[in-house]
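Computation of the quantities below employed the complete heavy-atom set of this structure, encompassing side-chain atoms and omitting hydrogens, waters and symmetry-equivalent molecules. Whatever order the structure lists them in is the order used to number ligands and atoms, beginning at 1. Just so it is clear, the structure is predicted and the values come from calculations on it, not from any experiment.
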Amino acid sequence: MKISEILNNNKVTVSFEVFPPKQWDKIESTKQTVIEMCKSAPSFMSVTYGAAGTTSGFTTEIATQIKQCNIEPLSHLTCLTSTRDKIHQVVSELTENGVENILALRGDIPQGFEFPDEQYFTNAYQLVNEIKSINPNICVGGACYPEIHPESKNRVEDIEYLKQKVDCGVEFLTSQMFFDNDKFLNFVEMCRIKGINVPIIAGIMPITNANQIKRSIELSNCSVPDKFFRIMDRFGDDPDKMKQAGIIYATEQIIDLMANGINNIHIYTMNKPDVACAIMNGLSQIINE
Ligand code: FAD
């Protein structure tokens, strides 16, 4: 089933992200993680793609496992360091394994990277065009940034490029993580004003240990409200307390988004089934439609 159909049925959706292992010998244990997570019945599940594309087979393997659990998989695919041939190969493998949905991404620019030649892609919109040219039936999503992509000059430029990407055939957007709901709600409003009308899924990262927040801010460039720092100050040194506080913060964030009319939530689970399950339990009546 296409993710666009799941998102466009006017119901609340809560989906999960998982990442594949870095080494093949860990693939079975990641599959077990997926099986465990599927018990929480997410609306769909996405699986990330290693930046250099060298572990693309791992992504396909995990996406296939998700499909075997009767949950719709969304496979990520990055293009910056992949040739056109490699993109064709990965899209074919995904299609052969029944994966109908791809999140088309550029990937981060490695330090000292130089764009080699026309066999390569420079931005995600080109990957969207390529996937659609290989198989127009694949449902393609894209990434968006409520607090602006770190390379963008300003919000206006960022949203103009986002519109270009959507106009190439992106059917939904998944947002970068954020901890301040007002930033996301303002961003959605700006997108609508600029004519971006596809579903925009709110990306929520439950912070369940103190080290995670530093890394998350570095990666995403997102702002963190004072309330969150106070939680860290009080509970950051106690893993159990911090985990519980992080789960509750993420759950409250989701409830507030829903109260503001947002129906589509994506949880960056960090491959932690217990965390994903605890959030789903905290929302059990709210998402029961
Ligand atoms: P683009 O849409 O190409 O945007 C990148 C930058 O280029 C932006 O500043 C944009 O404004 C600008 N831009 C866009 N079009 C143009 C144009 N025509 N001309 C000039 N500038 C332009 N990374 C991974 O390696 N693997 C993953 O699995 C992965 N999953 C992700 C999932 C989500 C939901 C998100 C938000 C990010 C993910 N990333 C992943 C990280 C992502 O690859 C990086 O954030 C990357 O820097 C940008 O990717 P993009 O697809 O948004 O790129």
Side-chain angles (χ1 to χ4, degrees), residues 3 7 15-22 30 44-56 58-60 62-63 66 73-82 86-87 90 94 99 101-111 113 115 120-131 140-178 183-184 187 190-191 194 196 198-205 215-222 264-271:
I3 302 294
L7 297 172
S15 47
F16 296 166
E17 178 189 277
V18 290
F19 50 82
K22 290 198 169 66
T30 307
F44 63 90
M45 218 191 255
S46 76
V47 49
T48 63
Y49 190 84
T54 47
T55 56
S56 62
F58 300 10
T59 299
T60 307
I62 298 300
I66 295 168
L74 166 63
S75 180
H76 294 199
L77 176 58
T78 67
C79 60
L80 189 65
T81 53
S82 291
K86 172 78 180 175
I87 297 296
V90 176
L94 288 169
V99 178
N101 304 285
I102 296 180
L103 193 73
L105 299 146
R106 187 199 65 184
D108 284 322
I109 304 175
Q111 264 197 340
F113 182 78
F115 292 95
Y120 289 78
F121 305 84
T122 52
N123 284 105
Y125 79 93
Q126 295 160 320
L127 178 61
V128 176
N129 285 334
E130 195 71 20
I131 296 169
V140 181
C144 64
Y145 303 84
E147 296 180 68
I148 308 179
H149 185 269
E151 289 163 39
S152 290
K153 284 199 211 96
N154 54 54
R155 151 104 7 127
V156 173
E157 185 193 87
D158 207 33
I159 292 191
E160 272 168 16
Y161 286 134
L162 187 61
K163 172 96 170 59
Q164 175 193 35
K165 188 159 68 174
V166 171
D167 289 346
C168 289
V170 161
E171 291 169 70
F172 64 93
L173 294 165
T174 307
S175 90
Q176 179 61 283
M177 70 181 86
F178 58 91
K183 305 265 187 223
F184 179 79
F187 168 73
M190 273 282 277
C191 287
K194 295 290 179 189
I196 298 173
V198 295
I200 302 178
I201 310 174
I204 300 294
M205 167 78 88
R215 174 113 181 98
S216 299
I217 299 170
E218 272 168 18
L219 283 176
S220 68
N221 209 26
C222 63
N264 308 121
I265 307 290
H266 196 57
I267 302 176
Y268 296 112
T269 68
M270 303 301 287
N271 288 16

From [atom], work out which of [options] has a heavy atom at the shortest distance.
atom	options	answer
atom 50 (P) of ligand 1	Phe19, Tyr125, Tyr145	Tyr145
atom 43 (O) of ligand 1	Pro146, Gly107, Gly50	Gly107
atom 17 (C) of ligand 1	Phe121, Tyr49, Tyr161	Tyr161

Nearest protein heavy-atom contact for [atom]: which residue, which atom, what distance?
atom	answer
atom 9 (O) of ligand 1	Ser152 OG, 2.8 Å
atom 44 (C) of ligand 1	Asp108 OD1, 3.2 Å
atom 23 (N) of ligand 1	Thr78 CG2, 4.2 Å
atom 34 (C) of ligand 1	Tyr268 OH, 3.3 Å
atom 2 (O) of ligand 1	Lys165 NZ, 2.8 Å
atom 40 (C) of ligand 1	Leu105 CD1, 4.0 Å
atom 51 (O) of ligand 1	Arg106 N, 2.8 Å
atom 36 (C) of ligand 1	Ala143 CB, 3.5 Å

- Kindly check if the number of other-residue, nucleotide or ligand heavy atoms within 6.0 Å of CE (Met190) is above 12?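 Buried by this count: over 12 neighbours within 6.0 Å.
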- Query: Does NZ in Lys86 sit with more than 12 non-hydrogen atoms of other residues, nucleotides or ligands closer than 6.0 Å?
  - Reply: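 Check passes, neighbour count above 12.
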Pairs of nitrogen or oxygen atoms closer than 3.5 Å, one from [X] and one from ligand 1: do any exist?
X	result
Glu151	no
Gln164	yes
His76	yes
Glu17	no
Thr48	no
Gln176	no

- Task: Could you grab the distance from atom NZ of Lys183 to atom OG of Ser175, nearest 0.5 Å is fine?
- Result: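 Spacing of NZ (Lys183) from OG (Ser175) equals 14.0 Å.
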- Query: Distance from Ser220 atom OG to Met205 atom CE, nearest 0.5 Å?
  - Reply: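 The CE atom of Met205 is 8.0 Å from OG of Ser220, to the nearest 0.5 Å.
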- Message: Checking the side chain of Ser15 only, and the main-chain atoms of Met45 only, is there a donor and an acceptor separated by less than 3.5 Å?
- Response: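 A pair under 3.5 Å: no.
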- Let me know which of Asn101, Ile102, Thr59 forms a side chain to side chain contact (heavy atoms under 4.5 Å, CB included) with Leu94.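 Between Leu94 and the candidates, side chain to side chain contact (heavy atoms under 4.5 Å, CB included) is satisfied uniquely by Ile102.
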- Message: I'd like to check Ser216 versus Tyr268 (side-chain heavy atoms, cut-off strictly below 4.5 Å). Are they in contact?
- Response: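 A side-chain contact is absent here, since even the closest heavy-atom pair is not under 4.5 Å.
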- For Thr174, counting its heavy atoms only, list the atoms of ligand 1 lying under 4.0 Å from any of them.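 It comes down to these atoms of ligand 1: 34 (C).
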